[in-house]
Amino acid sequence: MARSDVQLMLDVKSGDDSSFELLLRKYRTPVVNFLNRMVRDAAAAEDLAQEVFLRVYRSRETYEASAKFTTWLYRIASNLAVNHARDTRHQRPENTVSLDEPDQESGLTMDVPDDSLTAEESIVKRERLAAIRQRVQALPERQRTAVIMHKYQQMDYRQIAEVLKLSESAIKSLLFRAYETLRVQLKEFV
């Protein structure tokens with residue numbers, strides 16, 4: 001029977017490095033994708049992901065199974081992404097990386113391409129996606145983080161609340177405001 005993430009991390013705490021390798025293989029790509037959406041820089045996302053897993057490994061001896069492993073992992077990742085965004089704010093150009101950019105390892109995108117689109121439909125779709133990406137990136141930091149976790153990482157309210165250290169009702173409110181802002185700003189595309 002497969003061991004849970006928490007059990008794997010407890011095994012890492014006990015000195016089993018092979019369990020850490022399993023966690024790394026399982027979560028490396030999702031963490032890199034999450035960080036790429038947060039920092040809009042593929043190279044920085046790779047570096048930050050390394051730092052996330054380095055911190056996980058360094059914290060192995062003090063790890064407590066009080067929350068889901070993914071909650072702890074994404075809390076580390078989101079804190080690093082927020083710090084990176086704050087520290088590099090003046091260094092980066094605006095909106096240069098797509099939220100829907102293909103994953104560098106698999107080459108897959110979040111959206112499945114529709115080969116039956118006409119040229120006009122394709123242009124409209126590209127404009128719509130660009131507008132969505134631009135509006136999501138323009139959201140306040142917490143709202144943007146919550147939307148990315150909810151829509152792109154498929155995290156539920158409870159998980160997002162634990163990562164951002166807010167109540168579930170605060171997350172629901174945060175997401176409601178974010179989606180309402182996006183709905184109003186993107187009404188021409190709906």
(Q) Taking salt bridge (Lys or Arg N to Asp or Glu O under 4.0 Å) as the definition, give me every residue that meets it alongside Glu61, ordered by chain and number, with sequence neighbours left out. (A) none

Q) Could you state the interatomic distance from CG (Leu175) to CZ (Arg142), rounded to the nearest 0.5 Å? A) 12.5 Å

**Q.** Spacing of CE belonging to Met155 relative to OG1 belonging to Thr71, to within rounding of 0.5 Å
**A.** 6.0 Å

Q: Test side chain to side chain contact (heavy atoms under 4.5 Å, CB included) on Lys68 and Val6 and set out the steps.
A: CA-CA 7 Å; Lys68 277 183 70 175; Val6 168; 5.7 Å; no

Residues 8-15 side chain polar contacts: donor-acceptor under 3.5 Å, at least two apart:
from, atom 1, to, atom 2, distance (Å)
Asp11, OD1, Gln7, NE2, 2.8
Asp11, OD2, Arg3, NH1, 2.4
Lys13, NZ, Tyr63, O, 2.8
Ser14, OG, Leu10, O, 3.2

Q) What is the distance from atom CD of Glu51 to atom CZ of Arg55, rounded to the nearest 0.5 Å? A) 4.5 Å

Q: Report yes or no: does Ser59 contribute a side-chain atom to a donor-acceptor pair with the main-chain N or O of Val56 at less than 3.5 Å?
A: no

Q | Ring centres under 6.0 angstrom apart (Phe20, Tyr57) | A | yes

Q: Would you check if the side chain of Asn36 reaches a backbone N or O of Ala42 as a donor-acceptor pair within less than 3.5 Å?
A: yes

Q.
Working to the nearest 0.5 angstrom, can you tell me the gap between Leu139 CG and Thr145 OG1?
A. 9.5 Å

Q.
Is there a side-chain contact between Phe53 and Leu73 in this structure, where contact means two heavy atoms from C-beta onward sitting under 4.5 Å apart?
A. yes

Q: Write down the atom of Arg135, the atom of Leu186, and the distance for their closest heavy-atom approach.
A: CG-CD2, 3.6 Å

**Q.** Lys26 and Glu21 ion-paired at < 4.0 Å
**A.** no

Q. In terms of side-chain geometry, is the basic nitrogen of Glu180 or Arg183 positioned less than 4.0 Å from the acidic oxygen of its partner?
A. yes

Q. Can you find a side-chain donor-acceptor pair between Arg177 and Thr181 that sits under 3.5 Å?
A. no

Q) To the nearest 0.5 Å, what is the distance between CG (Leu23) and OG (Ser18)? A) 10.0 Å

Q: Consider only side-chain N and O atoms of Tyr74 and Gln159, and report whether a donor and an acceptor are under 3.5 Å apart.
A: no

Q: Output the distance between atom CD (Gln134) and atom CG (Leu129), rounded to the nearest 0.5 Å.
A: 12.5 Å

Q) Can any side-chain N or O of Asn83 pair as donor or acceptor with the backbone N or O of Asn79 at less than 3.5 Å? A) yes

Q) Which atom pair, heavy atoms only, marks the closest approach of Arg37 to Ile148? A) O-CD1, 3.6 Å

Q.
Show every ring pair (Phe, Tyr, Trp, His ring centres under 6.0 Å) that has at least one partner inside residues 125-151, sequence neighbours left out.
A. His150-Tyr157, His150-Tyr179

